[in-house]
Amino acid sequence: MTGWAGCAILVGKFMVTVRFAPSPTGYLHLGSARTALFNWLYARHTGGRFLLRIEDTDRTRSDPKFLEGILRDLRWLGIDWDGEPVYQSQRFALYRQEAEKLLAQGKAYMDGGAILFKVEKGRTIEYEDIVHGKISVATDEIKDQVLIKSDGSPSYNFACVVDDANLAITHILRGDDHISNTPKQILFYEALGLAPPRFGHMPLILGPDGSKLSKRHGGVSVEEYRKEGFLPEALVNHLILLGWFPGEEHEILAPEEAVRLFDIADLNAVQAKFDIQKLRWLNAEHIMRKKTEDLLPLIKEQLSAAGLDFAGLGGDHLLKLIDLYKVRMKTLREFVSLTECFFRDDFNVEEEGRKKYLDKAESKENIGLLADRLEALEEFTAAAIEEACRRLAEEKGLKPVSLIHPARMAVSGRTSGAGLFEMMELLGREKVLTRLRGASR
RNA sequence: GCCCCUGUCGUCUAGCCAGGACUAGGACAUCGCCCUUUCAAGGCGGCAACACGGGUUCAAAUCCCGUCGGGGGCGCCA
């Protein structure tokens, strides 16, 4: 044992130590993200440690590129880890050493160059699962287990046990898909003379149709949701709600609140379906709650990704625009289509709205009259525009809406959106007049 | 096939462990109303569930058994 690991064991006696152990063979999946999240919440809630272990024993499938992506996505989610990650690929000697101990004790045997663990039949392995309660399995169901493969690399279950013990892990929270690995691992702890940690198996996330969450259900990687314009706090919030209930007053949670309220004992035992609708709602709620200046860089990313030029707009201008639309978007990406008319003159025009509000001669005439009034305005502010608009309506004996609706169409190409007068102020007199005049002809 | 986990509104769930206060509560979605220049946001209201069948009990969503359904596992993958 190294000095560091010895120290870890000491600390482990007093402190919760959990880990997330991704395998760098792909992107960070929503299910893995949730596993990482709950481990992290537990560590932060208890003041314990959250470690990262990279399970890169399969050298042909592992790729540093995947690892980079996983670490980036974890950081994006706000999940930070303690110390440096541990790489299993660098610890083969340790696994072999432990396996040879078992070999020497007659608990394991050689077979075709591999070291196999002998499973004693006729026993029942029982343990108290944190989320499921008592789970028991007959050893008759378990065949002899590979410890070290013939190529010298450790098997998943064995490396896992050696490392969890070595890192002094106190609680293992992982997906239900590991339930059947646990009795095997308990057998290893026993054979090595080690006390097993506490285990908790969380139900897997399912797709909307109840089958395994997969690509055909849409996004399954954290990265896709990031690009789509979801806030990390919203994704975290939804992942949390899929398996843990913070209480009716606490459905919309900031990560700090989640850390404060989280209790491992409340983890749900039932598999949940991923609900994109609820995620979208949560995202909208988190966007509304976020300070506009904090939204600014994120919105800029979306605009750049859409190839829109916002350099001409003053920073203040963009802030006002975000203010106008932050209660209207479900994702950051939606901002782009919602505000198209602010960034280009050849914006899309809704066909229905055109027929209803722009094609009529009366509308054209009214739009023209409104343009005249706005041109004469001293100050081009929302308040002044509104006053002019309402006065014109009154003088003409019209309802204000018969002016407002066509004007909104002329100016934005949409029947929905922010308040017309605020939009006009932000657009500026020149563009507003051009568009109104264009529609009045 | 064998083993393991799991079943409350369409979805996420509260209630279950310690049976009665449950006419089963909340949230998302949906529908309607209010507010309103539209759309959102916000407010108010509607629809909607204890998988099924047996027990135990004065009393079952809650305890027990079975059936059915869903998921996972049974690799020298992780």
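Reminder, nothing fancy here: chain letters follow the sequence lines and each chain counts from 1.
Within 4.0 Å of A/S416, counting heavy atoms only, lies at least one base atom of the nucleic acid. In this structure, A/N268 reaches the sugar-phosphate backbone alone: every heavy-atom distance under 4.0 Å involves primed, P, OP1 or OP2 atoms, never a base. Contact annotation for A/E55: backbone-only contact, meaning every heavy-atom pair under 4.0 Å involves sugar-phosphate atoms and none involves a base. Using a 4.0 Å heavy-atom cutoff across all strands shown, A/G419 reaches at least one base atom of the nucleic acid. Nucleic acid contact class of A/A114 (heavy atoms, under 4.0 Å, all strands): base. A/Y325 comes within 4.0 angstrom of no nucleic acid atom, judged by non-hydrogen atoms across all strands. Backbone-only contact: A/Q277 has heavy atoms under 4.0 Å from sugar-phosphate atoms and none from a base. Within the 4.0 angstrom heavy-atom criterion, only backbone atoms of the sugar-phosphate kind lie near A/T57; the bases stay farther away. At a threshold of 4.0 angstrom between heavy atoms, the contacts of A/S136 are confined to the sugar-phosphate backbone, with no base atom among them. Among the heavy atoms of the strands, none lies under 4.0 Å from A/G175. Nucleic acid contact for A/I179: sugar-phosphate only, since backbone atoms but no base atoms lie under 4.0 Å from a heavy atom of the residue. Counting non-hydrogen atoms under 4.0 angstrom, A/S23 reaches the backbone sugars and phosphates but no base. Within the 4.0 angstrom heavy-atom criterion, no nucleotide atom of any strand lies near A/A407.
Using C1' as the reference atom, B/rG54 and B/rA18 are 25 Å apart when rounded to the nearest Å. Comparing B/rU23 with B/rA60, their P atoms sit 12 Å apart, to the nearest whole Å. As rounded to the nearest Å, B/rG26 and B/rG20 have C1' atoms that lie 23 Å from one another.
Atom-to-atom, OH of A/Y156 to P of B/rC76 comes out at 15 Å; the value is rounded to the nearest Å. What separates CD of A/E340 from P of B/rC39 is a distance of 21 Å, to the nearest Å. Rounding to whole angstrom units, CD of residue A/Q145 and C1' of B/rC76 are separated by 11 Å. Atom CG in A/D129 sits roughly 9 Å away from atom P in B/rU6 (whole-Å rounding). Following rounding to the nearest Å, A/M423 (CE) and B/rC39 (C1') show an atom-to-atom distance of 11 Å.
Checked against B/rC12, B/rC77, B/rA41, the side chain of A/D58 finds its nearest nucleotide in B/rC77. Comparing atom distances between the A/E141 side chain and each of B/rU38, B/rC2, B/rC74 picks out B/rC2 as nearest. Distance from the side chain of A/W281 is smallest for B/rA27 among the nucleotides B/rC39, B/rA78, B/rA27. Distances from the side chain of A/K212 to the nucleotides B/rC76, B/rC12, B/rG72 place B/rG72 closest. Among B/rG42, B/rU37, B/rA78, the nucleotide with an atom closest to any side-chain atom of A/E285 is B/rG42. Of the candidate nucleotides B/rC39, B/rC77, B/rC28, B/rC77 has the atom nearest to the side chain of A/R61. Listed nucleotides: B/rG75, B/rC74, B/rC12. Nearest to the side chain of A/L241: B/rC12. Of the candidate nucleotides B/rA40, B/rA27, B/rA78, B/rA40 has the atom lying nearest to any side-chain atom of A/R328. Each of B/rG26, B/rG72, B/rC76 was ranked by its minimum atom distance to the side chain of A/F245; first place goes to B/rG26.
With a 6.0 Å radius and a threshold of 12 heavy atoms from other residues, nucleotides or ligands, A/K149 has its NZ atom above the threshold.
At the phosphate of B/rU6, neither OP1 nor OP2 sits under 4.0 Å from any side-chain N or O atom of A/K273. Proximity of A/H132 to the phosphate of B/rU6: a side-chain N or O atom is located under 4.0 Å from OP1 or OP2. Proximity of A/R390 to the phosphate of B/rU37: a side-chain N or O atom is located under 4.0 Å from OP1 or OP2. Between A/S155 and the phosphate of B/rA78, there is no side-chain N or O to OP1/OP2 separation shorter than 4.0 Å. Residue A/K149 has a polar side-chain atom (N or O) positioned under 4.0 Å from OP1 or OP2 of B/rA78.
Ring-centre distance between A/F66 and A/Y27: not below the 6.0 Å cut-off.
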**Study point:** Worked verdict on A/F158 versus A/E98 for side chain to side chain contact (heavy atoms under 4.5 Å, CB included)
**Key:** CA-CA 9 Å; A/F158 191 60; A/E98 296 301 311; 3.8 Å; yes
Practice item. Check the pair A/M424 / A/E422 against side chain to side chain contact (heavy atoms under 4.5 Å, CB included), numbers first and verdict last. Key: CA-CA 5 Å; A/M424 283 181 160; A/E422 287 80 8; over 6 Å; no
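As the counterpart of B/rG32, B/rC44 is assigned, both hydrogen-bonding distances of the Watson-Crick or G-U wobble pattern falling under 3.5 Å. Across the strands present, B/rA27 finds its partner in B/rU11; the criterion is a Watson-Crick or G-U wobble pair with both atom distances under 3.5 angstrom. Pairing for B/rC17 is absent, judged as Watson-Crick or G-U wobble with the two contacts each under 3.5 Å.
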